[in-house]
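The basis for the numbers below is simple: all heavy atoms, side chains too, and nothing from hydrogens, waters or symmetry mates.
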Amino acid sequence: MTSAQSHSVPNRNWSYPTAIKFGVGRISELAEHCAAAGVKKPLFVTDKALASLPITAEALAILKAHGLGTAVFSEVDPNPNEQNMADGIAVYLAGGHDGVICFGGGSALDLGKLIALMAHQRKDLSVWDLEDIDDWYTRADAGKIAPIIAVPTTAGTGSEVGRAGVLTNSVTHKKKIIFHPKLLPVVTICDPALTVGMPKFITAGTGMDALAHCLEAYSSPFYHPMSQGIALEGMRLVFENLPKVYANPNDLDARAHMMSAAAMGATAFQKGLGAIHSLSHPIGALYGTHHGTTNAVVMPMVLDMNRAAIEDCINAAAAYLGIKGGFDGFRAAIMDLRKTLNIPENLTALGVTNPDLDLLTEMALEDPSCGGNPVVMTAENTRALFEACM
């Protein structure tokens, strides 16, 4: 038995995703996965834009044909808040539902998960009491969390393989990460055909979100070799396939690879996120910008800030990705990808004008993502980073 002083192996807690049913046309299995999860009367949670689309009608028709009802809740804001959640819980309880199908992008997936989490908790427990801090999740009664089935229709957030949901506090405008192990869906259906109808700017923004997850996880200083490998391959899939689906939305092979990359990014980021997300979260909360697009806008500036700490690992990534020129080549590849996808050059071009940089800096430093940045974030360097992004 070696003494504690003779090694430097860290203690880490690792987790891997749920059962994933991957492939074109697998939405047809929705009813049987409800049955396997013991769900007889699901609430179908989606967003306003998706509610009227054919892919949603197809999914609801499958439920109806199997006697599972067609109850829908779609009052989901792009950055969902506690009022959206309360409205959804009211519909869930009034309908006597016993599970949630989360259908859509990150907003619908996150909100659906939080409805399932909070619907039957004791009345004095606030969702904010379950923020991803220490063991706060133990405050919830795990036995009262409804089964969750996730069906992503975008390829970016990876919420379909995550144990958390992001919720914006409508009073403070701060985004909070709400965590519970049972927020991991019991099953996820990844059907690339459901992503074909995404608008081009959503394809671009969600795809860049997947890249941000992989890049930040890969660059994080924490020890997690499995996530490191997943993040690296996820980056390769994005670089190779995101331009393809942006140019040809009907390329199902490239759509499938992007759907994989999204799940991989969210699996990998248990290793950590960093300044890209700690800047993006407050900007999205205060200015309503699209999360993935905001990540894409600030990505090069964060690379510059972190260069001294990550240059060697980015050199290695560039070599694996077939990008010449090490760190500089990698940064140039990011810039080329942003140009191909028509990503705004900076936050001003994204529509963030006259920002309160002091407030943004304060919020970024409070964001849990900042703890995983390779360079320690301070009030000084974070404010300078925001200025560089403007």
Side-chain angles (χ1 to χ4, degrees), residues 1-20 22 132 134-135 155-164 177 179 181 183-185 188 190 207-242 257-278 295 299 302-303 305-323 326-327 329-331 333-334 368-377:
M1 190 108 177
T2 57
S3 70
Q5 286 74 36
S6 65
H7 70 80
S8 59
V9 180
N11 287 350
R12 291 288 183 261
N13 298 321
W14 293 336
S15 171
Y16 273 79
T18 186
I20 299 171
F22 184 93
D132 189 10
D134 299 326
D135 63 352
T157 71
S159 183
E160 65 272 11
V161 295
R163 299 170 297 157
I177 297 172
F179 171 86
L183 285 184
L184 188 68
T188 289
C190 284
M208 290 299 286
D209 194 22
L211 180 60
H213 292 159
C214 292
L215 173 59
E216 292 213 286
Y218 177 78
S219 303
S220 166
F222 303 128
Y223 180 76
H224 200 325
M226 292 183 284
S227 282
Q228 191 82 349
I230 290 169
L232 186 58
E233 177 65 4
M235 284 194 283
R236 186 187 71 80
L237 290 174
V238 175
F239 275 114
E240 288 193 6
N241 293 284
L242 186 50
H257 290 314
M258 284 305 302
M259 192 158 248
S260 294
M264 291 164 75
T267 303
F269 73 51
Q270 62 184 272
K271 181 172 179 274
L273 291 170
I276 292 175
H277 278 77
S278 62
N295 283 343
M299 191 178 290
V302 173
L303 275 174
M305 173 195 181
N306 288 330
R307 180 167 189 158
I310 65 173
E311 187 156 6
D312 288 346
C313 77
I314 294 297
N315 286 343
Y320 175 77
L321 296 168
I323 295 170
F327 182 95
F330 182 88
R331 189 188 188 283
I334 296 284
S369 300
C370 81
N373 198 61
V375 170
V376 175
M377 295 177 69

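Considering only residues two or more places apart in sequence or on other chains, His257 meets the ring-ring contact (aromatic ring centres under 6.0 Å, His included) condition with none of them. Partners of Phe327 under the ring-ring contact (aromatic ring centres under 6.0 Å, His included) rule, at least two apart in sequence or in another chain, do not exist in this structure. Residues satisfying the side chain to side chain donor-acceptor pair (under 3.5 Å) test with Tyr320, not counting sequence neighbours, are Glu233. Annotation: salt bridge (charged side-chain N to carboxylate O under 4.0 Å, His left out) contacts of Arg331 (sequence neighbours excluded): Asp304. Applying the ring-ring contact (aromatic ring centres under 6.0 Å, His included) rule to Tyr218 yields no partners; only residues at least two apart in sequence or on another chain are considered.
Contact between Asn295 and His277 at its shortest, heavy atoms only, is ND2-NE2, 3.4 Å. The heavy-atom pair separating Pro185 from Gly162 by the smallest distance is CD-O, 3.7 Å. In plain terms, the two heavy atoms of Ser369 and Ser278 that are nearest each other are CB-N, 3.9 Å. Pairing each heavy atom of Val238 with each of Gly207, the nearest pair is CG1-O, 4.0 Å. The two residues Ala155 and Ala210 have their closest heavy-atom pair at O-CB, 4.4 Å. Closest approach of Leu215 and Ile314 over heavy atoms only: CD1-CD1, 3.8 Å.
The main-chain N or O of Thr267 is found under 3.5 Å from a side-chain atom of Gln270 such that the two form a donor-acceptor pair. In this structure a side-chain-to-backbone donor-acceptor pair under 3.5 Å is missing from Glu216 to Phe269. A donor-acceptor pair is defined here as one N or O able to donate and one able to accept, closer than 3.5 Å; no such pair exists between the side chain of Thr18 and the backbone of Leu184. A donor-acceptor contact shorter than 3.5 Å links the side chain of Asn373 to the backbone of Ala275. Of the possible polar contacts, none joining the Lys271 side chain to the Gln228 backbone as a donor-acceptor pair under 3.5 Å is found.
Expressed to the nearest 0.5 Å, how far CD1 of Ile20 lies from CD of Glu160 amounts to 7.5 Å. Annotation: the span from Leu211 atom CG to Arg236 atom CZ amounts to 13.5 Å, rounded to 0.5 Å. Separating the CZ atom in Phe330 from the CD atom in Glu311 is a distance of 12.5 Å, to the nearest 0.5 Å. Atom-to-atom distance recorded for Asn306:CG and Met377:CE is 8.5 Å, nearest 0.5 angstrom. Considering CG of Leu232 and SG of Cys214, their distance stands at 9.0 Å, rounded to 0.5 Å. To the nearest 0.5 Å, atoms CD1 (Ile310) and OG (Ser220) are separated by 11.0 Å.
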Donor-acceptor list for residues 258-266 side chains, cut-off 3.5 Å, not counting sequence neighbours:
| unit_1 | atom_1 | unit_2 | atom_2 | d |
| --- | --- | --- | --- | --- |
| Ser260 | OG | Ala256 | O | 3.3 |

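Ile334 is listed as a side-chain neighbour of Phe239, based on a closest heavy-atom distance under 4.5 Å.
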